[in-house]
Amino acid sequence: INAEYMGIQLLRMKSSWDSVALAPPDQIFHLNQLYLEDKSTSKISLVIGAYRDDDGKPYVFKIVRKVEEEMMKDHLNKEYLQMEGDADFRAGAKKLVFGDDPKLLERIVTVQALSGTGALRLGGTFLSYAAPKGAKIYISDPTWPNHMLVFKQSGLTNQAFYPYYDAAKNALNFDGMMGELSKAEPGSIVLLHGCAHNPTGIDPTKEQWKEIVTLCKKKGLIPFIDLAYQGFATGSLENDAFAVRLFVAEGLNIVVAQSFAKNAGLYNERVGAFHVVCPDVEIAKKVFSNIQIDIRGMYSNPPAHGARIIGRILKTPAYFEEWKEELKSVSERIQKMRKLLFDELIALKTPGVWDHILHQIGMFSYTGLTEAQCTWMKEKHHVYLLKSGRASMAGINTKNVKYLANAIHDAVANNPKKQQAP
């Protein structure tokens with residue numbers, strides 16, 4: 001009887017998961033795994049959006065190390081944080097994005113999130129019940145591939161796309177973008193990259209941002225700004241907050257996902273924030289209470305270590321200045337690598353137009369290389385980048401830029417198809 005019973009139970013256990021299909025691998029992490037397994041000594045990874053120094057090594061900000069060492073001496077405890085996160089971090093993160101107007105800050109809800117991805121997830125969950133029922137979310141085409149999945153899993157399943165990239169000009173398709181968004185119904189959500197658009201590295205000009213704000217205001221749209229690269233795009237925290245502050249100055253109640261992965265190098269600490277700009281303090285209290293419940297149902301409390309680092313940096317003037325200088329130098333190295341790669345391609349007389357590498361900003365470049373050319377580079381030269389042609393400029397350094405340029409030249413020469421819009 002026992003054997004028969006066990007057999008039935010095993011059969012039930014087996015059949016319980018039979019309907020689960022094999023999921024496709026994540027393109028970015030799968031490609032990075034192939035790079036890690038590659039034995040070539042000349043291999044180059046332009047896949048993961050993580051900063052590297054000129055030796056190709058992961059970079060830990062000096063100010064982060066300094067604050068960590070200070071914190072170790074403080075013998076901090078490991079108690080739970082409040083659901084909304086570390087108080088110093090929240091206060092500092094809010095001011096970093098919105099400025100220091102106390103009347104404005106008191107009506108902005110800010111909670112700590114699990115980096116930028118977690119902030120997007122919190123935002124998606126909040127808007128799934130706070131926006132009009134069934135509201136459509138408009139996402140740029142192209143965008144960070146994870147956007148669609150995050151919003152789908154948070155309840156924003158009604159997704160549409162607006163044109164963003166003009167392949168022929170390697171530039172922003174502003175007319176196409178505005179044309180599509182002008183058709184959006186009131187209450188629709190518009191996802192916008194606050195700076196350093198991923199993957200194109202192409203941002204609207206200040207004048208274009210003003211037109212976007214006017215359109216959102218006129219149409220009654222809900223702007224959701226993904227601010228993953230503040231300070232990393234131009235080297236200035238103030239400049240990179242321009243779009244967010246413009247929306248707020250024009251009276252729009254926006255939501256913002258903020259990350260400290262790139263601009264502080266805290267990739268695996270998962271440090272971010274989610275902000276909701278409210279009409280007044282009373283509504284802010286209601287919004288805050290609901291987001292607390294959302295957090296409780298997801299993960300209860302955020303991690304403390306990374307938030308404590310950022311909180312201490314932001315509240316200590318001397319540390320804040322050190323961070324700004326270091327962030328500026330990091331941004332400038334990326335800009336220098338763009339120029340070096342461009343110069344090498346021009347010197348090689350590589351077919352095609354490459355000026356866009358200089359004009360794009362932030363961590364990524366939309367190279368315009370075709371899928372066949374990217375495959376050629378991977379298989380022949382051990383150079384890894386997304387099949388769309390998106391390349392992380394952080395993977396380039398003074399030691400590998402010539403090799404990379406030659407690989408691009410060879411791929412283009414042997415696969416002479418027109419450069420594509422990835």
Side-chain angles (χ1 to χ4, degrees), residues 63-64 67-68 71 74 76-127 130 194 224-231 237-238 240-241 244-245 248 253-264 266 269-278 280-317 319-320 323-324:
I63 186 60
V64 167
V67 171
E68 277 188 318
M71 285 166 53
D74 290 345
L76 298 171
N77 63 50
K78 301 295 182 181
E79 290 289 305
Y80 290 121
L81 294 182
Q82 292 293 99
M83 289 180 285
E84 62 271 18
D86 181 82
D88 287 338
F89 168 78
R90 291 169 54 230
K94 185 188 294 190
K95 287 183 180 179
L96 194 68
V97 176
F98 298 100
D100 55 9
D101 178 358
K103 286 294 183 183
L104 169 62
L105 297 178
E106 69 180 9
R107 62 182 177 88
I108 297 175
V109 173
T110 296
V111 296
Q112 185 181 331
L114 306 183
S115 200
T117 306
L120 289 165
R121 180 60 186 267
L122 273 178
T125 299
F126 171 70
L127 291 173
F224 190 159
I225 301 181
D226 186 355
L227 192 64
Y229 299 93
Q230 187 182 1
L237 292 162
E238 294 293 311
D240 292 348
V244 172
R245 295 180 184 182
V248 176
N253 296 316
I254 65 174
V255 296
V256 179
Q258 179 186 20
S259 171
F260 288 90
K262 306 295 193 295
N263 61 13
L266 294 173
E269 298 291 354
R270 314 312 292 149
V271 186
F274 174 59
H275 310 272
V276 182
V277 180
C278 303
D280 56 54
V281 175
E282 289 307 309
I283 292 178
K285 290 177 182 177
K286 296 175 184 178
V287 169
F288 181 59
S289 68
N290 278 275
I291 295 176
Q292 281 183 311
I293 293 173
D294 296 337
I295 291 170
R296 182 60 169 158
M298 284 190 205
Y299 53 85
S300 286
N301 322 82
H305 186 71
R308 284 170 171 168
I309 293 171
I310 294 299
R312 195 168 294 204
I313 290 172
L314 295 179
K315 77 172 184 178
T316 309
Y319 292 171
F320 183 58
W323 177 49
K324 287 198 297 184

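All of these numbers come straight from a predicted model, not from anything done at the bench. In this chain, numbering begins with 1 at the start of the sequence shown.
Side-chain contact between Glu84 and Ile291 is absent, with no heavy-atom pair separated by less than 4.5 Å. Side-chain contact between Phe288 and Val276 is absent, with no heavy atoms from C-beta onward closer than 4.5 Å. Looking only at side-chain heavy atoms (C-beta outward), Leu122 and Met298 come within less than 4.5 Å of each other. For the pair Val67/Trp323, no side-chain contact is recorded, criterion being any heavy-atom separation below 4.5 Å from C-beta on. Using a 4.5 Å heavy-atom threshold, the side chains of Phe320 and Leu96 count as touching.
Residue pairs meeting the ring-ring contact (aromatic ring centres under 6.0 Å, His included) criterion with at least one partner in residues 81-109, sequence neighbours excluded, are Phe89-Phe260, Phe98-His275.
A distance of 6.0 Å separates CZ of Phe224 from CG of Leu127, quoted to the nearest 0.5 Å. Expressed to the nearest 0.5 Å, how far CD of Gln292 lies from CE of Met83 amounts to 4.5 Å. Taken from OG1 in Thr110 to NZ in Lys95, the straight-line distance is 11.5 Å, to the nearest 0.5 Å. Interatomic distance, NZ of Lys94 versus CZ of Arg90, reported as 7.0 Å (0.5 Å rounding). With values rounded to the nearest 0.5 angstrom, Ile63 atom CD1 is found 6.5 Å from Tyr319 atom OH. In this structure, Gln230 CD and Gln258 CD are separated by 6.0 Å, a value rounded to the nearest 0.5 Å.
Here the shortest heavy-atom pairing between Pro303 and Leu114 reads CD-CD2, 3.4 Å. Among all heavy-atom pairs drawn from Ser259 and Ser115, the shortest one is OG-OG, 3.5 Å. Residues Gly99 and Leu105 share a closest heavy-atom pair of O-CD2, 3.5 Å. Pairing each heavy atom of Val97 with each of Ala241, the nearest pair is O-CB, 3.8 Å. For Asp240 against Leu227, the heavy-atom pair with the smallest separation is O-CD1, 3.7 Å. The two residues Ala93 and Ala273 have their closest heavy-atom pair at CB-CB, 4.3 Å.
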Review point. Are Asp88 and Arg312 close enough, and set up right, to give a side-chain contact (heavy atoms from CB on, under 4.5 Å), and what steps lead you there?
Key: CA-CA 7 Å; Asp88 287 338; Arg312 195 168 294 204; over 6 Å; no

Review point. Where do Ile295 and Gln82 land on the side-chain contact (heavy atoms from CB on, under 4.5 Å) test, with the steps shown first?
Key: CA-CA 10 Å; Ile295 291 170; Gln82 292 293 99; over 6 Å; no

Check your understanding: What's the verdict on side-chain contact (heavy atoms from CB on, under 4.5 Å) for Ile283 and Arg107, showing C-alpha distance, side-chain angles and the deciding distance?
Key -> CA-CA 8 Å; Ile283 292 178; Arg107 62 182 177 88; over 6 Å; no

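Residues passing the side chain to side chain donor-acceptor pair (under 3.5 Å) test with Asn263, sequence neighbours excluded: none. Residues forming a side chain to side chain donor-acceptor pair (under 3.5 Å) with Ser289 (at least two apart in sequence, or on another chain): none.
More than 12 heavy atoms of other residues, nucleotides or ligands shown are found within 6.0 angstrom of CG on Asp280.
Each of Val256, Asp294, Val111 was checked for a side-chain contact (heavy atoms from CB on, under 4.5 Å) with Phe274, and the lone residue meeting it is Val111.
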